[in-house]
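Single-structure report; data block below.
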Amino acid sequence: MFMIPMLRMNDGRAIPQVGFGAGFATPDGPEPSSAQVVELFPAAIEAGYRLFDTAQVYGNEEGFGEAISKGGIPREELFITSKLATSAHGREKALMAFDESMRRLRLEVLDLYLIHWPLPMFDEYVETWKALVELQTSGRVRSIGVSNFTEKHLERLVEETGVVPAVNQVELNPEFPQRELRTFHAEHGILTEAWGPLGQGRGLLEKPAVTRLAKEKGKSAAQIVLRWHIQVGNVVIPKSLQPSRLRENVNIFDFELEAREMEQLATLEGERSGPDPEAFEKRF
Ligand code: NAD
């Protein structure tokens, strides 16, 4: 069986380039419940997934805890990500939220822990980041990162703590490629992880620039878009609750997009579909 490539993070650790997204409902489907996670986990492992992306707010950490503890795959082979909810900013709350996530996940050590959103209007994310640094120093989490941070938020973390996040998980796809942010990440050694990589069922996979290439290459539209991510160097965590699509979404390592094909995808234009990180203030 093929292996999903690993990318190196700035802390020396490696992360699989494709993972299983267990996130929020999208227009064409709900987030997986814990029961669905338990059911889908063996199919995901069988398809080659080792990276699993959950969060406190997704309500399915318990499902991962159960699926992982059932065994079948050595813990060292898995890469589990979770995220700190926006209601848990601040040192004490962050440390407590982490403990609760770990209890639900039934894990001793987490592979990657992210601050889910910065909520800059409350000015707590630097303190929260210091709590994540503490967790890493104490060995409870291997790698630490952020999600939905802009250049401005990242700069502040680095200036005030000297610790550069290993990963920034942001909304990103060929219609919303976040070119400036990716350049900033590259300059600072931050890995870009794309959420909403397939455009969240909002029409990206039906765009002619994508379907034309799919036809020419004999691949599905989702495979074309995911291959684009791989070639720009992103980690991707597409979400699907269908085993056949889980397989399809990792079967993207037997073909390449040529430079002119990448350029065709660069002509796509679109907007951010999620909230603006600077303005997002919801506590969950
Ligand atoms: P996505 O772009 O992965 O789209 C998911 C939708 O695409 C699903 O509803 C599914 O129906 C469809 N799909 C999946 N595979 C397909 C295929 N092969 N062919 C056709 N359609 C297919 O969007 P997403 O779920 O929002 O993002 C992926 C993951 O990113 C989430 O599950 C979650 O883990 C993470 N996420 C993080 C944040 C954040 O704030 N950090 C926000 C949203 C999502």
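Start at 1 and go down the list; that is how both ligands and their atoms are numbered.
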Heavy atoms only: give me the nearest [X]-[Y] pair and the separation to one decimal.
| X | Y | value |
| --- | --- | --- |
| Leu114 | Leu132 | C-CD2, 4.3 Å |
| Leu204 | Val210 | O-CG2, 3.6 Å |
| Ile80 | Asp111 | N-OD2, 2.8 Å |
| Ala214 | Ser220 | CB-C, 3.9 Å |
| Thr54 | Asn60 | OG1-OD1, 2.7 Å |

In terms of atom number and element, which parts of ligand 1 are under 4.0 angstrom from non-hydrogen atoms of [X]?
| X | result |
| --- | --- |
| His116 | 39 (C), 40 (O), 41 (N) |
| Ala222 | 17 (C), 18 (N), 19 (N) |
| Asn148 | 39 (C), 40 (O), 41 (N) |
| Ala22 | 32 (O), 34 (O) |
| Pro238 | 3 (O) |
| Asp53 | 33 (C), 34 (O), 35 (C) |

Backbone or side-chain N or O of [X] under 3.5 Å from ligand 1 N or O:
| X | value |
| --- | --- |
| Ser147 | yes |
| Gly201 | no |
| Leu205 | no |
| Asn249 | yes |
| Ala194 | no |

Please compare [options] and report which has the shortest non-hydrogen distance to [atom].
| atom | options | result |
| --- | --- | --- |
| atom 23 (O) of ligand 1 | Gln223, Glu206, Glu248, Gln200 | Gln200 |
| atom 33 (C) of ligand 1 | Pro277, Pro197, Gly23 | Gly23 |
| atom 14 (C) of ligand 1 | Lys239, Glu193, Gln169, Glu31 | Lys239 |

Practice problem: Let me see the working for His116 and Tyr58 under ring pair (Phe, Tyr, Trp, His ring centres under 6.0 Å), right down to the final yes or no. | Solution: CA-CA 11 Å; His116 210 144; Tyr58 300 163; 5.8 Å; yes

Quiz item: Is there a donor in the side chain of Arg227 and an acceptor in the side chain of Gln223, or the other way round, less than 3.5 Å apart?
Solution: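 No, no side-chain donor-acceptor pair sits under 3.5 Å.
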
Quiz item: Is Ser220 in contact with ligand 1, taking contact as a heavy-atom separation below 4.0 Å?
Solution: no

Quiz item: Below 4.0 Å from any atom of ligand 1, is there a heavy atom belonging to Trp117?
Solution: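 Heavy atoms of Trp117 do come under 4.0 Å of ligand 1.
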
Quiz item: Hey, do the aromatic rings of Tyr125 and His153 have their centres closer than 6.0 Å?
Solution: yes

Self-check item: is_close_aromatic(Phe20, Phe41), centroid dist under 6.0 Å
Solution: no

Quiz item: Counting distance only, does the side-chain N/O of Arg91 pair as donor-acceptor with the main-chain N or O of Thr128 below 3.5 Å?
Solution: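 Side chain of Arg91 to backbone of Thr128: no pair is present.
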
